[in-house]
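Below is one structure, written out as structure tokens; comments come after it.
Position 1 is the first residue of the sequence, and the numbers go up from there.
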Amino acid sequence: MSERILGGLLLFISIAGIWIARSFEAPFSYEPVGPRAFPILILALLGISAIALMLGKASHNTEWAPPPVLKRIGALFLIVLIYAFLFDKLGFILATALMVIPVARFFSGSWKQAVAGGVGLGVGLFILFDRLLDVALPTGLWLNKLLG
């Protein structure tokens with residue numbers, strides 16, 4: 001029964017999100033598809049998954065993850081939430097690096113691997129999206145001064 005409740009909640013969230021995302025408009029056209037395509041696509045996939053969850057076979061013995069796993073999931077959620085708040089202020093590179101480091105540590109990466117992965121992903125994805133694919137990413141106040 002809990003799968004159907006979760007599926008219904010996710011379906012409601014996806015419908016509400018699509019309804020809100022329909023009104024997303026950029027003040028000027030800087031990308032061919034505009035700002036509403038990505039959220040609508042992701043929320044539509046969420047809705048399809050929610051329907052599949054509601055229509056699937058219900059299990060009667062739902063087992064929760066052990067408390068240490070639930071704590072890690074909660075911590076990862078907080079890390080992503082902080083990333084969303086810092087994304088515009090710090091810019092893509094620094095915010096991504098600061099998000100990847102604790103996530104890598106959660107998955108047993110060493111400090112050296114975590115820092116190298118964070119910096120590498122931040123810089124590499126910025127070059128890929130901002131420079132090669134022309135997707136406008138925030139640079140943050142610190143990088144604005146360097147890039148001009």
[X] and [Y]: same hydrophobic cluster, using ILVMFWY side-chain contacts below 4.5 Å?
X      : Y      : value
Phe38  : Ile15  : no
Ile93  : Leu133 : yes
Ile127 : Phe87  : yes
Trp19  : Leu43  : no
Ile101 : Leu81  : no

Report yes if some heavy atom in the side chain of [X] is under 4.5 Å from a heavy atom in the side chain of [Y]; otherwise report no.
X     : Y      : answer
Thr96 : Phe126 : no
Phe92 : Asp130 : no
Ile5  : Leu9   : no
Pro66 : Val69  : yes
Leu98 : Leu94  : yes

**Message:** Closer than 3.5 angstrom, by distance alone: can the side chain of Arg72 be matched with the main-chain N or O of Leu76 as a donor-acceptor pair?
**Reply:**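 Such a contact is absent between Arg72 side chain and Leu76 backbone.
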
Quiz item: Does the Ser14 side chain pair with the main chain of Leu11, one donor and one acceptor, at a distance under 3.5 Å?
Solution: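 Between the backbone of Leu11 and the side chain of Ser14 there is a qualifying donor-acceptor contact (under 3.5 Å).
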
For a quick test of reading the model, state the closest non-hydrogen atom pair linking [X] to [Y] and the distance between them.
X     : Y      : value
Met54 : Arg4   : O-NE, 3.4 Å
Ile79 : Met99  : CG2-CG, 3.6 Å
Ala97 : Val119 : CB-N, 4.1 Å

If you count the non-hydrogen atoms of other residues, nucleotides and ligands that lie under 6.0 Å from CZ in Phe12, is the total more than 12?
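Not buried by this count: 12 neighbours or fewer within 6.0 Å.
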
Just how far is it from atom [atom1] of [X] to atom [atom2] of [Y], taken to the nearest 0.5 Å?
X     : Y     : atom1 : atom2 : value
Leu41 : Leu46 : CG    : CG    : 11.5 Å
Glu3  : Leu10 : CD    : CG    : 12.0 Å
Ile40 : Ile42 : CD1   : CD1   : 11.5 Å

